[in-house]
Protein chains: 2
Amino acid sequence: MRKEDTGAGHNPHHHSHSHKSCVSLVPIFNHLEEEQMNEITKTIHSINYKKSETVYHAGEQSDSLFIVNKGKIRVYRLSESGKEQLVRILMPGDFTGELALFTETTYVSFAEAMVETSVCRIKRTDFQNLLLQYPTISLKVLTEFSKRLAQSEKQSMRFATEKVETRIALFLAECFDSENQTDTIELPMSKKDLASYLGTTPETISRKFTELEAQGLIEQKTHKLIKVLDLDGLLLN
Amino acid sequence: MRKEDTGAGHNPHHHSHSHKSCVSLVPIFNHLEEEQMNEITKTIHSINYKKSETVYHAGEQSDSLFIVNKGKIRVYRLSESGKEQLVRILMPGDFTGELALFTETTYVSFAEAMVETSVCRIKRTDFQNLLLQYPTISLKVLTEFSKRLAQSEKQSMRFATEKVETRIALFLAECFDSENQTDTIELPMSKKDLASYLGTTPETISRKFTELEAQGLIEQKTHKLIKVLDLDGLLLN
DNA sequence: CGGGGAGTTGATGTCACTCAATTGGGGTGG
DNA sequence: CCACCCCAATTGAGTGACATCAACTCCCCG
């Protein structure tokens with residue numbers, strides 16, 4: 001456990017001067033001056049994970065923020081009754097562990113590398129010092145927090161008020177919006193994970209996709225590739 | 001609309017020197033020095049609302065943070081398909097409008113006074129200046145954000161993975177925890193609102209309460225007062 | 001005292017989960 | 001490079017949880 005503390009098995013082969021590229025990749029910091037960057041660079045550690053390795057797990061003592069540099073991380077939770085829910089998938093530039101920094105003393109979710117992944121790790125105290133020293137970073141982080149909060153509340157409301165079919169349609173519509181060059185979207189996760197993310201089962205996902213296809217709203221090119229034929233039709237449901 | 005801009009109908013009878021009590025009530029600020037307090041006091045406006053008056057509504061141009069000074073505010077949303085969900089109830093010291101400050105330019109939720117209510121209003125630019133000037137406030141706000149995020153993600157996960165009965169039981173358990181002097185809890189809202197908050201219907205709430213009572217887990221003293229007879233029983237469900 | 005909304009109770013319908021069997025596809029080792 | 005294997009994905013049948021609709025009661029407040 002907590003392999004990242006020792007670095008064992010993760011090839012933490014970065015040397016401190018090679019952190020720079022990591023820091024500059026992070027949206028939270030990318031408005032800063034060279035000199036400030038260098039200071040920050042001193043406080044972070046770069047860690048690599050192989051596919052399906054654990055970044056952290058619920059219950060573990062938490063004292064760090066993780067920022068994805070390269071790769072993908074799957075963040076999920078276990079509910080009171082033991083069922084798993086996919087919370088989000090982190091792409092480069094995204095961060096996790098933020099609750100750890102301010103409220104909780106242990107992680108409440110699980111994070112696992114989906115592919116070969118490299119992250120920057122910043123300790124709680126170092127990060128808090130950065131915030132006090134560079135107030136503009138706080139604004140960036142606050143902005144990021146508020147985005148995430150908005151996202152979470154939206155998701156929450158959909159669970160509370162929309163049926164599965166609508167949640168799926170809304171999800172597809174959002175994927176469509178972010179892939180603004182083409183009408184074919186690539187699902188960012190397996191249908192199993194999608195089911196977990198949308199609070200349903202793989203069976204239901206499968207059936208609803210077939211229904212949407214029968215209605216002429218989408219076309220399933222492959223398991224991962226979906227062509228959207230009628231966006232409005234999806235939404236006015 | 002936007003009555004708070006003019007103050008019409010809200011008796012904004014506070015004078016600037018009387019804001020102080022308002023500011024000192026706000027957890028975000030209550031670690032500051034007298035002098036800093038006074039500076040903040042200049043930037044805020046106090047507004048009163050009568051029962052069921054609108055504080056803001058979705059779609060309205062947003063440029064302010066609202067902090068509850070006295071009273072209760074009901075925050076709710078309308079989903080894509082037009083159904084209402086109760087997001088939270090603000091008590092003194094709580095704030096809302098935060099998304100407005102960082103991400104959205106319009107409010108996404110509705111806020112309405114449940115009783116005679118008094119709030120402090122801070123404009124976006126003033127608030128951002130405060131954050132840059134007093135980095136410790138940022139930490140407070142970040143902490144508050146992360147709490148709310150944790151709460152929202154927890155709620156979201158419960159919608160995704162737990163059935164109605166469990167969500168009710170968990171809600172009761174949390175009420176129980178916060179009223180740590182007695183085994184009788186007072187529901188913080190009507191059962192209608194509770195249904196909306198928990199993503200179900202008043203009918204189901206009613207039935208489940210009866211079931212829980214039949215199982216000997218709770219006792220309904222009145223519509224608002226619930227005596228918890230077997231907390232563990234509630235939770236291990 | 002009367003009105004109206006909150007709360008309750010019953011009957012019915014349906015959406016989506018569960019369980020089970022089968023197919024499909026991607027990755028690994030021989 | 002191919003075959004196998006495993007897990008994802010699909011499809012079907014049955015069930016159950018919860019929403020809906022409707023009728024009624026209970027308070028709370030004017």
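These figures come from a predicted structure and were not determined experimentally.
- Using a 4.0 Å cut-off between charged side-chain N and carboxylate O, B:E162 and A:K83 make no salt bridge.
- For the pair B:E162 and B:K51, both in contact range of DNA chain D, the more 5′-proximal nearest nucleotide belongs to B:E162.
- Of all nucleotides in DNA chain C having an atom under 4.0 Å from a heavy atom of chain A, the first and last in 5' to 3' order are C:dA16 to C:dG25.
- A heavy atom lying under 4.0 Å from DNA chain D marks the following residues of residues 186-201 of chain B, by number: B:G199, B:T200, B:T201.
- In plain terms, the two heavy atoms of A:F209 and A:I168 that are nearest each other are CE1-CG2, 3.9 Å.
- B:K208 comes within contact range of the sugar-phosphate backbone alone, with a heavy-atom separation under 4.0 Å but no base atom that close.
- B:Q61 contributes atom CD, which lies 5.5 Å from atom OG1 of B:T105 (distance to the nearest 0.5 angstrom).
- Here D:dT10 presents its C1' atom at 13 Å from CZ of A:F209, a figure rounded to the nearest Å.
- Checking A:T182, A:L212, A:I185 one by one against A:V228, the side-chain contact (heavy atoms from CB on, under 4.5 Å) holds for a single residue, A:I185.
- For the pair B:R148 and B:F95, the cation-pi test (distance below 6.0 Å, angle within 45°) is passed.
- Side-chain atoms of A:R74 do not come within 3.5 Å of backbone N or O of A:E112 as any donor-acceptor pair.
- Computed from coordinates, the B:R167 CZ to D:dC18 C1' distance equals 10 Å when rounded to whole Å.
- Between the side chain of B:D94 and the main chain of B:M91, a donor-acceptor pair closer than 3.5 Å is present.
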Just the table, please: protein N/O against nucleotides 11-15 of chain D N/O, every pair under 3.5 Å.
{"from": "D:dG12", "atom 1": "N7", "to": "A:R207", "atom 2": "NH1", "distance (Å)": "2.8"}
{"from": "D:dG12", "atom 1": "O6", "to": "A:R207", "atom 2": "NH2", "distance (Å)": "3.2"}

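- In this structure, the side chain of A:S206 does not engage the main chain of A:P202 through any donor-acceptor pair within 3.5 Å.
- Other residues, nucleotides and ligands place no more than 12 heavy atoms under 6.0 Å from the NZ atom of A:K192.
- Helix-axis bend for the helix from C:dC1-D:dG30 to C:dG30-D:dC1: the local axis fitted to the five terminal pairs at one end deviates from that at the other end by 50°, rounded to 10°.
- When atom types are taken as modelled, the side chain of B:S196 and the backbone of B:L86 share a donor-acceptor pair closer than 3.5 angstrom.
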**Item:** From CA spacing to verdict: salt bridge (Lys or Arg N to Asp or Glu O under 4.0 Å), B:E98, B:K147
**Value:** CA-CA 13 Å; B:E98 67 286 343; B:K147 269 186 208 158; over 6 Å; no
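- Applying the ring-ring contact (aromatic ring centres under 6.0 Å, His included) definition to pairs two or more places apart or across chains, those involving residues 72-94 of chain B are B:Y76-B:F110.
- For the side-chain contact (heavy atoms from CB on, under 4.5 Å) with B:E153, the qualifying choice from A:S156, A:S109, A:S152 is A:S152, the only one to do so.
- Contact of the B:I73 side chain with the B:V75 side chain is registered, since non-hydrogen atoms from C-beta on lie closer than 4.5 Å.
- Between B:Y107 and B:Y56, the ring planes are parallel. Angles under 30° get that label, and only those over 60° would be called perpendicular.
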Please enumerate all protein N or O atoms sitting under 3.5 Å from an N or O of nucleotides 23-28 of chain D, with distances to 0.1 Å.
none

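- Atom CD1 of B:I205 and atom C1' of D:dT20 are 16 Å apart (whole Å).
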